[in-house]
Amino acid sequence: MNKTENVLKIKEYDKFKCIADKCKFTCCKGWDINIDTKTYNKWREKDNLNYLLDNVRFIKSHGENTYLIKKETKGGCPFLSNEGLCNIVIDHGDEYLSLTCRSFPRIENDFEGVKELTLSCSCPEVVSIISHMKEKIYIDFNDSLSYIEDLGCLKIRESLVNIIQKEDISIENKFNLSYDMLFNMLDNDDLTYENLIEFLDNYKSENYIKEELNKYIDYEKTDTRKYFKEINSLFIDMIENYRNVPVFEDILKDIYKFAEDINIEKFVKDWEGFGDLFKEYDNLIENCIVSKVLSNCVSDDLEEMIISFEMIILEYLLIRHAVFLRYYINIKKEISIQDVKDYIVIFSRIIGNNSEAVIEFLLDIYESEILEFDYICSLILI
Ligand code: SF4
């Protein structure tokens with residue numbers, strides 16, 4: 001089979017166009033940019049490119065060398081020109097860019113001769129495209145291709161998407177149902193493919209789902225103050241290293257300060273009003289969640305799949321918290337769609353594109369990279 005013939009794209013994939021120097025959250029600032037070995041070698045082998053290596057540092061990760069661009073003191077890429085353009089492209093051309101720079105925000109996943117192309121919500125242009133979609137997001141479907149039926153991990157991903165796109169269930173309970181489903185599979189790790197399909201079929205039954213949802217009522221507002229405090233601490237820890245990065249500063253600094261001084265007792269009253277307003281963005285948030293599931297929940301290792309989904313839940317919790325803090329300090333008690341979009345981008349970068357560091361953090365604080373269902377459910381349902 002010719003691999004390049006079967007290319008399936010996420011909806012609106014072709015609409016993406018980088019706005020470069022006009023971008024509010026340029027991807028050339030504020031995070032670690034990886035240099036793949038092939039690009040590193042190209043820079044090393046050509047005399048006129050050797051100077052680029054002065055701006056590369058390396059770290060050992062899982063016993064392998066990882067090359068990263070040395071960021072400037074303000075977190076920017078040293079190759080970014082004052083006009084917001086890339087000096088490597090200007091001086092040498094696209095072909096000398098690292099794979100990350102060449103492809104971002106495009107994501108490619110290959111499955112048995114099928115290439116799926118999706119987009120990352122770490123790019124504001126992608127989130128803007130998603131925010132204009134009225135319908136539910138999906139990847140092109142070609143019924144002559146059987147790759148989804150053949151791979152257990154894609155059947156699990158399909159079930160996650162089906163749950164998240166269900167009508168009449170809150171986003172919070174969609175997360176609970178999905179995380180619970182993954183946990184149940186973890187308890188039963190010798191599932192055959194046939195057993196897996198049978199198990200996933202349960203989630204097509206309205207009655208089964210109803211019974212599952214009834215179980216979560218016990219977690220609702222069990223101890224709102226305690227779990228709000230937990231989320232607030234998580235928020236402070238996660239953005240600690242980002243709040244002074246110039247590209248994020250305007251949007252993180254004031255809510256960070258507010259989070260540090262927050263009076264937990266006072267917030268409860270405002271939380272109720274906030275919940276109803278935040279629901280207005282369910283469509284945008286649901287499509288971003290599905291987009292992340294389609295890109296990231298593709299591992300055939302169940303633990304890796306759960307961690308990918310857990311990262312999406314953490315992103316959601318921090319986006320919700322950041323938007324709440326912004327709402328709380330707003331005298332008019334309003335939420336703007338721009339704030340919601342901005343925090344989707346920021347937490348996609350802080351959590352989604354930084355999952356190794358987040359996993360280390362979880363191991364440090366919770367002594368496990370996979371958080372217990374009960375704990376996640378209580379955080380979600382404050
Ligand atoms: S974040 Fe997106 S729009 Fe902005 S510079 Fe990067 S690719 Fe272009």
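Read the numbers this way: they start at 1 and go in the same order the structure lists the ligands and their atoms.
Between Tyr219 and Ile380 there is no side-chain heavy-atom pair separated by less than 4.5 Å. Between Ile236 and Arg243 the shortest side-chain heavy-atom distance does not fall below 4.5 Å.
Remark: ligand 1 atoms within the under-4.0 Å shell around heavy atoms of Pro124 are 1 (S). For ligand 1, the atoms sitting less than 4.0 Å from at least one non-hydrogen atom of Ile19 are 3 (S), 8 (Fe), numbered in the order shown with element in parentheses. If you number the atoms of ligand 1 from 1 as listed, the ones under 4.0 Å from a heavy atom of Phe25 come out as 1 (S). In summary, the atoms of ligand 1 found under 4.0 Å from a heavy atom of Glu125, numbered by their order in the structure, are 3 (S). Listed by number with element, the atoms of ligand 1 under 4.0 angstrom from any heavy atom of Cys23 are 1 (S), 3 (S), 4 (Fe), 5 (S).
Taking a 6.0 Å sphere around NZ of Lys229, one finds it holds 12 or fewer heavy atoms contributed by other residues, nucleotides or ligands.
Classified by interplanar angle (parallel below 30°, tilted 30° to 60°, perpendicular above 60°), the ring pair Phe175/Tyr316 is tilted. In this pair, Phe58 and Tyr67 present their aromatic rings tilted. The plane angle is within the 30 to 60° band.
Here Phe373 and Tyr216 bring their ring centres to under 6.0 angstrom of each other.
With a cut-off of 2.8 Å, atom 2 (Fe) of ligand 1 has an N, O or S atom of Cys123 in range. Look at Cys18 and atom 4 (Fe) of ligand 1: no N/O/S atom of the residue is under 2.8 Å from the metal.
With hydrogens left out, the protein atom closest to atom 6 (Fe) of ligand 1 is Cys27 SG, 2.3 Å, a heavy atom.
If you look at Arg349 next to ligand 1, the close heavy atoms, those under 4.0 Å, all belong to the side chain.
Of the charged side-chain nitrogens involved, none lies within less than 4.0 Å of a carboxylate oxygen, so that Lys17 and Glu125 do not count as a salt-bridged pair.
The shortest heavy-atom distance from Lys22 to ligand 1 is not under 4.0 Å.
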